[in-house]
Amino acid sequence: MSGPAQRPSFANWMSSLWLFSLLRFGMFFALWGLLVLAGLSGLFAALLALALSVPLSYVLLARPRAKLAATIEARVQAQRAERAHLDSRLDPEE
């Protein structure tokens with residue numbers, strides 16, 4: 001009977017979450033700034049930047065999003081393994 005799986009570190013998970021969030025905000029503000037420089041009004045430029053940044057983030061930020069998803073999945077798998085280990089210790093005949 002092996003012990004629970006090694007849980008990914010909180011710092012690794014939070015760094016990937018913050019990196020992805022900062023990149024998404026950065027993309028939005030860069031698009032907004034470009035649209036304002038192109039002559040669009042502030043609110044319309046912000047709405048258009050929001051509409052453009054969502055699909056662009058799927059393409060341009062695929063690697064940071066995959067890293068974030070992998071760290072979340074690793075944390076979920078470690079929690080499931082830990083729960084299975086504790087369940088096996090509580091009920092050894094199963």
Side-chain angles (χ1 to χ4, degrees):
M1 176 161 50
S2 65
Q6 181 67 26
R7 174 173 244 160
S9 70
F10 179 77
N12 188 16
W13 173 61
M14 284 305 291
S15 67
S16 64
L17 180 67
W18 275 103
L19 175 67
F20 183 68
S21 299
L22 288 174
L23 288 173
R24 286 282 309 261
F25 279 108
M27 180 183 296
F28 167 75
F29 284 118
L31 284 171
W32 188 14
L34 288 173
L35 291 172
V36 168
L37 286 175
L40 297 175
S41 69
L43 183 60
F44 181 68
L47 292 174
L48 189 57
L50 180 65
L52 291 174
S53 69
V54 171
L56 279 176
S57 71
Y58 285 113
V59 176
L60 299 176
L61 301 179
R63 191 173 295 163
R65 189 181 37 157
K67 182 180 178 191
L68 175 63
T71 57
I72 291 172
E73 186 65 30
R75 287 178 63 84
V76 168
Q77 290 299 331
Q79 179 65 30
R80 286 181 183 160
E82 185 177 334
R83 176 72 183 253
H85 174 69
L86 290 175
D87 285 346
S88 70
R89 285 182 55 200
L90 288 174
D91 195 12
E93 61 250 2
E94 275 189 16

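- Residues F20 and L17 share a hydrophobic cluster, clusters being chains of Ile/Leu/Val/Met/Phe/Trp/Tyr side chains in contact below 4.5 Å.
- Criterion: ILVMFWY side-chain heavy atoms under 4.5 Å apart, direct or through other members. Under it, F25 and M27 are not part of a common hydrophobic cluster.
- Taking CG of L23 as the start and CG of L60 as the end, the distance is 10.5 Å to the nearest 0.5 Å.
- Rounding to the nearest 0.5 Å places CE of M14 at 12.0 Å from CG of L19.
- Summarising the geometry, atom CD belonging to E73 is positioned 10.0 Å from atom OG1 belonging to T71; distances are rounded to the nearest 0.5 Å.
- Sequence neighbours left out, not one pair with a member in residues 47-67 passes side chain to side chain donor-acceptor pair (under 3.5 Å).
- With sequence neighbours excluded, the residues satisfying side-chain contact (heavy atoms from CB on, under 4.5 Å) with A49 are F28, L31, W32, L35.
- Between atom OG of residue S15 and atom CG of residue L22 there is a gap of 11.0 Å, rounded to the nearest 0.5 Å.
- With sequence neighbours excluded, the residues forming a side-chain contact (heavy atoms from CB on, under 4.5 Å) with R83 are D87, listed by chain and number.
- Taken together through direct or relayed side-chain contacts under 4.5 Å among Ile, Leu, Val, Met, Phe, Trp and Tyr, L34 and L56 form parts of separate hydrophobic clusters.
- Here the straight-line distance linking atom CZ of R80 with atom CD of E82 works out to 13.5 Å at 0.5 Å rounding.
- With values rounded to the nearest 0.5 angstrom, L68 atom CG is found 11.0 Å from L61 atom CG.
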